[in-house]
Amino acid sequence: GLFEGKNLILITAESFSPYAVINEELTPALYRLTHSGIVCTDFYQPGWTQSTTGGEFSVMTGVIPTWIGSDTSFVASQKNAMPYSLAHLLKKQDGYKAYAFHDHGYDYYDRDKTHPNLGYDYKGLGNGLVLPHSTWPNSDLEMMQATVSGYIKEYKKTGVPFHTYYMTVSGHANYTWMGNEIAGKNKAYVQSFEKVRGYNEAVQGYFATQVELDWAIGYLLEQLEANGLADDTVIVLTADHYPYNLWQSRYQYSYKELSGSTSSKDLNHYRNGLFIWCGSMEAPIQVDEPCSSIDIAPTLCNLFGLEYDSRLYSGRDILDGSYDAANPDSRQPLVVFRDNGVGISPGQKDVLGQKTLEERAHFRPRRAVAGRILRVLPPVGIIRRIQDVFRMPDRLQKRNRLKAELVRLCEDLAEFRLGKRLGVNAFGAGLPLDLVLHLPEDRIVSGRRRHAKAVDDRVLLHLHRVEVQMKNQQSSYRQ
C-alpha cells in the first residue's frame with residue numbers, strides 16, 4: 001500500500017516506445033518520468049493482434065486479450081460485469097471518482113460502452129470533450145489543457161481522491177510531415193536537435209508526435225505541482241503497442257533504427273516501458289524482472305492497498321519477489337506472447353531462455369514460424385473500422401480519419417499482393433485471418449495451398465464492399 005489513498009492517473013500512450021525518450025532536452029517530461037519513480041527495465045507490450053484496443057484492454061484489466069468470435073476482448077467485455085477494474089475497485093473501497101478521456105471519436109472501438117462498464121465517467125470527442133482544434137491526429141496537450149483543471153478543482157473542493165485514465169492519440173501513424181498534422185506542426189522543433197536529424201524522415205516524424213505527448217505530460221506535472229498535488233498523485237505511463245507503422249516496407253522497416261530489432265519475431269520488437277511516478281518518492285526503484293502490460297493492474301492494486309482476487313488477473317504484481325525460482329508459481333515473472341503472434345524460430349531460445357521450440361512439449365515445430373509476419377485485418381474488422389469512421393460526429397475529422405484508414409488499408413493490400421506476385425503463399429497452416437505468414441512456395445505445408453486463394457478472395461471481396469461504401473460517402477460529401 002505504498003500509494004494508498006493517493007490520486008491515480010493512468011496513461012496509455014498511442015504507439016509509445018522507450019526509444020521516444022531521446023534526452024532531457026528534447027523530451028524533459030518523459031525523461032523525468034522514465035528516470036525516476038518505479039522504472040521497469042524489461043517490460044513488454046506484446047503484439048495481441050488487436051492493435052490499440054488489445055493493448056488498452058491488457059493495461060486496464062490485467063487480462064490477456066483474445067478474439068471472442070469476431071469481437072475483440074474489449075468489445076466483448078461490455079456485455080460482462082467487470083468488478084475488478086481499477087475504477088470499480090477504487091470507487092468501492094475508497095470512494096474515488098473515476099474519469100476517462102480520449103482525444104478522438106468517443107465511440108471508436110466502442111469506448112462509449114466499454115469504459116463506462118469499467119466504472120469510468122468517460123468523455124471523448126463528440127460526447128463532452130471539446131478541443132480548440134480539429135486535426136488528425138488530435139493534440140494530447142490540448143486534451144490535458146481541457147481536462148486537468150476540472151478534476152483538480154473537484155478534488156480541492158470535495159477532498160475525494162480521483163482516478164483519471166487517458167488514452168492518447170497524438171502518437172498515431174502515419175509519420176509523415178504532410179499526412180500527420182501533429183508531426184508537421186512539430187517538425188521544426190525536432191529537427192533543431194542534431195541527434196534527431198541523424199534519423200530518416202519517418203523516425204523524425206515519429207519523434208515529432210511523441211514531443212506532443214511530452215508537452216502533455218509536462219503540462220500535467222506543472223498543474224499538479226502548482227496545486228500542491230504532486231506528492232499525492234501517482235502517474236503511470238505505458239504504451240498500447242510499439243509504433244508498428246515504422247515496421248513497414250514503405251518506411252524501410254525504420255523501427256530497427258530505434259530498437260535494433262531486425263525481425264518482427266524478435267522479442268526486442270515488443271520491448272517497451274512502464275513508468276510509475278509519484279512526487280513523494282525520494283529515490284527511484286528499478287525492476288529488472290521481465291513483466292508486461294497484463295501485470296499493471298495487479299501491481300497497482302497492491303500499491304494502492306486494494307482488496308482483490310489475484311486469480312481474476314492474468315498478470316502478477318511485479319514488485320512481489322516472494323517466489324521460489326526453482327518451483328513453478330503464479331508469482332514468478334513471466335511474459336506471455338501470442339503463440340502465433342510473435343513466434344520463435346526453431347533452435348531459438350524462448351522468452352525466459354529456458355527451452356528451444358523443439359524442446360517444448362506443448363509446441364509442435366512449425367515451418368510457419370520461419371516466415372515473415374504480415375498483418376491483415378479480418379474482413380469483418382475492415383468493415384467495422386470503416387463503419388466506425390462513418391459514425392464520427394465531426395465532418396472534418398471524419399474526412400481526415402477516412403483518408404488515413406484508406407492509406408493504411410491500401411498499404412496492407414499492396415504488401416499482400418506484392419507477396420503474391422513474388423510467388424509467396426500468404427497463409428500458414430491453421431492461422432487466423434488477422435495474422436498471415438508469408439511462406440516460400442516450397443515450404444508450404446502439403447494440402448494448405450487452397451487456403452491462400454480463399455484468404456485473397458475474402459479480402460478482395462470485402463475491399464470491394466468498402467470501395468462501394470467509400471463512393472457512396474464521397475457522393476454525400478458532394479451533395
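Numbers for residues simply follow the sequence, beginning at 1. Only this structure's heavy atoms are used, side chains among them; waters, hydrogens and symmetry mates stay out.
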Just by distance, do the side chain of Asn127 and the backbone of Gly124 share a donor-acceptor pair under 3.5 Å? yes
Not counting sequence neighbours, which residues clear salt bridge (charged side-chain N to carboxylate O under 4.0 Å, His left out) with Lys185? List them please. Glu212
Do the rings of His104 and Trp136 sit parallel, tilted or perpendicular, given the 30° and 60° boundaries? tilted
For Val169 and Glu14 the tightest heavy-atom approach is CA-CB, 3.9 Å
Considering only NZ, NE, NH1 and NH2 on the basic side and carboxylate oxygens on the acidic side, decide whether Asp42 and Arg271 come within less than 4.0 Å. yes
Going by heavy atoms in the side chains, are Leu26 and Tyr31 under 4.5 Å from each other? no
Do side-chain atoms of Ser73 reach the backbone of Thr66 as a donor and acceptor pair under 3.5 angstrom? yes
Starting at OG of Ser58, measure out to CZ of Phe74 and round the result to the nearest 0.5 Å. 9.5 Å
Side-chain H-bond candidate by donor/acceptor type, Asp240 with Gln45, under 3.5 Å: no
Within the structure provided, determine whether Ser254 and Tyr199 are in side-chain contact (heavy-atom separation under 4.5 Å). no
Rounded to the nearest 0.5 Å, how far apart are CG of Asn186 and CD of Gln210? 11.0 Å
What is the distance from atom OG1 of Thr12 to atom CG of Leu10, rounded to the nearest 0.5 Å? 5.0 Å
Of all heavy-atom pairs linking Ser259 and Asn268, the shortest is CB-O, 4.2 Å
Could you walk me through whether Gln286 and Asp288 pass the side-chain hydrogen bond (donor to acceptor under 3.5 Å, both in side chains) check? CA-CA 6 Å; Gln286 182 169 305; Asp288 296 323; 2.8 Å; yes
Is the backbone N or O of Ile64 less than 3.5 Å from a side-chain atom of Ser314, with the two atoms forming a donor-acceptor pair by type? yes
Name the orientation class of the two ring planes belonging to Tyr165 and Tyr120 (parallel below 30°, tilted from 30 to 60°, perpendicular beyond 60°). tilted
Where Cys40 and Ile318 come nearest, the two heavy atoms and their spacing: SG-CD1, 3.3 Å
Would you call the rings of Tyr270 and Tyr242 parallel, tilted or perpendicular, taking 30° and 60° as the class edges? perpendicular
My understanding is that only one of Tyr206, Tyr255, Trp247 makes a ring pair (Phe, Tyr, Trp, His ring centres under 6.0 Å) with Tyr175; could you say which? Tyr206
For the pair Ile276 and Ile285, evaluate side chain to side chain contact (heavy atoms under 4.5 Å, CB included) and give the outcome as yes or no after the intermediate values. CA-CA 9 Å; Ile276 304 173; Ile285 298 173; over 6 Å; no
Start with the C-alpha distance between Leu300 and Asn302, add both sets of side-chain angles, then the distance that settles side chain to side chain contact (heavy atoms under 4.5 Å, CB included), and finish with yes or no. CA-CA 5 Å; Leu300 292 177; Asn302 278 339; over 6 Å; no
Could you check whether the rings of Phe101 and Tyr99 sit parallel, tilted or perpendicular, using 30° and 60° as the cut-offs? parallel
Rounded to the nearest 0.5 Å, the CG atom of Leu213 sits from the CZ atom of Phe16 at a distance of 7.0 Å
Do Val75 and Thr53 have side chains that approach each other closer than 4.5 Å (heavy atoms only, starting at C-beta)? no
Give the C-alpha distance, both sets of side-chain angles, the deciding distance and a yes or no for ring pair (Phe, Tyr, Trp, His ring centres under 6.0 Å) between His269 and Tyr44. CA-CA 9 Å; His269 224 70; Tyr44 298 85; over 10 Å; no
For Lys123 and His102, indicate whether the former's side chain and the latter's backbone hold a donor-acceptor pair under 3.5 Å. no
Donor-acceptor check, side chain of Ser85 to backbone of Leu118, threshold 3.5 angstrom: yes or no? yes
Applying side chain to side chain contact (heavy atoms under 4.5 Å, CB included) to Phe57 and Thr72, what does each step give before you reach the verdict? CA-CA 9 Å; Phe57 180 82; Thr72 64; over 6 Å; no
Under a 4.5 Å cut-off applied to non-hydrogen side-chain atoms, are Asp103 and Asp140 in contact? yes
What closest approach, in Å, do Phe207 and Ala20 show between heavy atoms, and which atom pair accounts for it? CE2-CA, 3.9 Å
Asn180 side chain to His172 backbone, donor-acceptor under 3.5 Å: yes
Run Thr49 and Trp67 through side-chain hydrogen bond (donor to acceptor under 3.5 Å, both in side chains) and show every step you take. CA-CA 9 Å; Thr49 74; Trp67 288 93; 3.1 Å; yes
Flag the pair Phe43 / Val287 as yes when at least one side-chain heavy-atom distance between them is below 4.5 Å, and no otherwise. no
Test Tyr253 against Thr262 for side-chain hydrogen bond (donor to acceptor under 3.5 Å, both in side chains), laying out the working first. CA-CA 8 Å; Tyr253 304 103; Thr262 58; over 6 Å; no
Taking the side chain as every heavy atom from C-beta outward, state whether Val236 and Leu8 have any atom pair closer than 4.5 Å. yes
Look at the side chain of Asn138 and the backbone N and O of Thr135, then say whether any donor-acceptor pair between them is shorter than 3.5 Å. yes
Which atom names give the shortest non-hydrogen contact between Tyr122 and Gly105, and what distance separates them? OH-O, 4.2 Å
Could you check if a side-chain atom of Pro298 sits within less than 4.5 angstrom of a side-chain atom of Arg316, using non-hydrogen atoms only? no
Has the side chain of Asn200 got a donor or acceptor atom that lies under 3.5 Å from a matching backbone atom of Ala202? yes
If you define the side chain from C-beta out and look only at heavy atoms, does anything of Tyr84 sit under 4.5 Å from Tyr313? yes
Quick check on the 6.0 Å ring-centre criterion: do His241 and Trp48 meet it? no
Applying salt bridge (Lys or Arg N to Asp or Glu O under 4.0 Å), which residue pairs with at least one partner in residues 48-65 are found, sequence neighbours left out? Glu56-Arg111
To the nearest 0.5 angstrom, please state how far the OG atom of Ser139 sits from the CE atom of Met144. 10.0 Å
Least distance between heavy atoms, Val21 atom then Thr27 atom: CA-OG1, 3.8 Å
For side chain to side chain contact (heavy atoms under 4.5 Å, CB included), just list the numbers for Thr238 and Ser293, CA-CA rounded to whole Å, side-chain angles, deciding distance to a tenth of an Å, and then say yes or no. CA-CA 8 Å; Thr238 192; Ser293 53; 5.6 Å; no
Rounded distance [0.5 Å steps], CD in Glu181 versus OG1 in Thr209: 13.5 Å
If we ignore hydrogens and angles and just use 3.5 Å, is the side chain of Asp214 paired with the main-chain N or O of Leu30 as donor and acceptor? yes
